[in-house]
Structure formats: structure tokens, C-alpha cells
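I have placed the structure first, in the form of C-alpha cells, so that the comments after it can refer back to it.
It should be emphasised that the depicted structure is a prediction, and the values quoted were computed from it without experimental measurement.
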Amino acid sequence: MLNEILTAAAIPSQAARFPDPPELFAVYFDSRSTNSPGVNPDIGPATGIEHDCTVELYAPSVTAGDEALHRLQEQLDARGLRYTTQGWYWLSEIRRYQEIIEFTHIEKT
């Protein structure tokens, strides 16, 4: 799902790591856990998979980053996903700004 969202937002992306990236890109992480009503075997099996998603958006400028972030937010809003952002900050080692976007969604099984 993450790759689909980032592709629709026209943001080049890779899971976990992006060797030799373009100037504007995203790295994403998808932590998964079963969504079970409890450990009691009488309750039944898990009802879905909970995805805790993190997108690290990297941009050469805040302006370029804001444009990409807006496209990403449109895709998240279109899917009814609530998200949090942390604000842009400068990473001097890679000479890019970074914004972190986090959200959770449940995939029904």
C-alpha cells in the first residue's frame, strides 16, 4: 500500500533504503502486527494486520518538499488515513531536508 500511495503522489521511493537516490525521494517502513481481539482462544483468530507506517521524505529545499508533501497528504486524505508530521529539518550529512510522516492502517484478513 505504501508504494502505491507514494507512486500516486509521484514521489520516487524505496522500502528501508534508497541507494543513489534522486534529489527528492522517500524511504518507507511498514511495521506489521496481527490485530487480534485478545489471547483467549475462544475469541477467534486475528481479524486483520495492523500496519504502522513511516515515510521519511527527503528534499533539496523546503519548497520542493512542501510540494511533494502536499501530494502525499492528498493521497493519504483520499484513503481516509490520519497521519502525523514532524516538521522539516536539515540533515547536513546528506544536504537535504527531511520530513517524517507516520500513520496506521488496518488490513482486514
So do [Y] and [X] actually touch side chain to side chain, heavy atoms under 4.5 Å?
X: Ser33; Y: Ile49; value: no
X: Glu99; Y: Gln86; value: yes
X: Tyr97; Y: Leu91; value: no
X: Leu81; Y: Ile5; value: yes
X: Tyr28; Y: Asn3; value: yes
X: Ile101; Y: Leu76; value: yes

Cluster link Met1 to Ile11, ILVMFWY, side chain under 4.5 Å: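 Met1 clusters together with Ile11.
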
Within 6.0 Å of CD in Glu23, more than 12 heavy atoms from elsewhere: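 For Glu23, atom CD is not crowded (no more than 12 foreign heavy atoms under 6.0 Å).
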
Measure across [X] and [Y] and return the closest heavy-atom pair with its distance rounded to 0.1 Å.
X: Thr104; Y: Glu50; value: CG2-CG, 3.6 Å
X: Leu6; Y: Ala26; value: CD2-CB, 4.1 Å
X: Ala8; Y: Gln75; value: CB-OE1, 3.3 Å

Pairs where residues 54-88 contributes a residue and the test ring-ring contact (aromatic ring centres under 6.0 Å, His included) is met, not counting sequence neighbours: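 Pairs touching residues 54-88 that pass the test: Phe25-Tyr58.
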
Pairing residues for His105 by the side chain to side chain donor-acceptor pair (under 3.5 Å) criterion, not counting sequence neighbours: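 Partners of His105 under the side chain to side chain donor-acceptor pair (under 3.5 Å) test: none.
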
With sequence neighbours excluded, residues passing side chain to side chain donor-acceptor pair (under 3.5 Å) with Glu4: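 Testing Glu4 for side chain to side chain donor-acceptor pair (under 3.5 Å), a comparison that skips the adjacent residues, returns Arg79.
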
Candidates Thr85, Leu69, Asp66 - the one meeting side chain to side chain contact (heavy atoms under 4.5 Å, CB included) with Leu57: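 The residue from Thr85, Leu69, Asp66 that satisfies side chain to side chain contact (heavy atoms under 4.5 Å, CB included) with Leu57 turns out to be Leu69.
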
